[in-house]
Amino acid sequence: RVHGAQQLRERFASQEPVLVADDSPITRALIRRMVRALGFSVVEASGGAAAVAAVLLQPFAVVTMDLQMPEVDGREAVRQIRKVEAADGRRRACILACSSSIVENDSHELLASG
């Protein structure tokens, strides 16, 4: 189920890069290849803290966020990213939650976190 499909199309039309946040180098490589094949530049982050640090430096059109990462997990990283965006008055990035295991309750929690 895609939430905000129109918003996603608009964001991909921008020239801002896509942030790929995942602790798995294999998953980052896979997503990087797919996104670059679509003609977009990619910035990679190996964890939630690195993703937040990247957002502090520049805006992103789209962020792919692994939910289960050590130290700062994806949910907390999303909360922190939303705070940065609000503090800077930035447009909110379209964040795509990625996980190898998700249940219905998780989707409600994710939507509530931003």
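Just so you know, these numbers use all the heavy atoms, side chains as well, and skip hydrogens, waters and symmetry mates.
- One finds the CG atom of Leu56 at 9.0 Å from the CD atom of Gln80 (value rounded to the nearest 0.5 Å).
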For this session: Apply side chain to side chain contact (heavy atoms under 4.5 Å, CB included) to the pair Asp73 and Gln68, showing each step before the final yes or no.
Result: CA-CA 5 Å; Asp73 71 8; Gln68 298 175 335; over 6 Å; no
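- Residue-environment remark: CD1 (Ile26) stays at or below the threshold of 12 foreign heavy atoms within 6.0 Å.
- Of all non-hydrogen atoms in Ala51 and Ala45, the two that sit nearest each other are N-CB, 3.5 Å.
- Nearest heavy-atom pair across Gly74 and Met65 is CA-CG, 3.7 Å.
- Nearest heavy atom pair, residue Asp22 against residue Arg28, reads O-NH1, 2.7 Å.
- Listed here is the closest heavy atom pair of Val18 and Phe40: CG2-CB, 4.3 Å.
- Put simply, CD1 on Ile81 and CG on Leu19 are 6.5 Å apart, with the number rounded to the nearest 0.5 Å.
- Shortest non-hydrogen contact noted between Val52 and Ala77 is CG2-O, 3.8 Å.
- Atoms CG and OG, from Asp23 and Ser46 in turn, are 8.0 Å apart once rounded to the nearest 0.5 Å.
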Exercise. Is there a side chain to side chain contact (heavy atoms under 4.5 Å, CB included) between Val63 and Leu96 once you walk through the steps?
Worked result: CA-CA 6 Å; Val63 176; Leu96 305 174; over 6 Å; no
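- Annotation: Gln58, atom CD; neighbour count of heavy atoms from other residues, nucleotides and ligands within 6.0 Å is above 12.
- To the nearest 0.5 angstrom, Thr64 atom OG1 is 4.0 Å from Ile31 atom CD1.
- Taken together through direct or relayed side-chain contacts under 4.5 Å among Ile, Leu, Val, Met, Phe, Trp and Tyr, Ile95 and Val84 form part of one hydrophobic cluster.
- The shortest non-hydrogen separation linking Met69 to Gly48 is CE-N, 3.5 Å.
- A salt bridge is absent between Arg90 and Glu16: the closest approach of a Lys/Arg side-chain nitrogen to an acidic carboxylate oxygen does not fall below 4.0 angstrom.
- With respect to Glu85 and Arg91, no salt bridge is recorded, no charged nitrogen being found less than 4.0 Å from a carboxylate O.
- Both Val20 and Leu38 belong to a single network of hydrophobic side chains, linked directly or stepwise wherever heavy atoms of I, L, V, M, F, W or Y lie under 4.5 Å apart.
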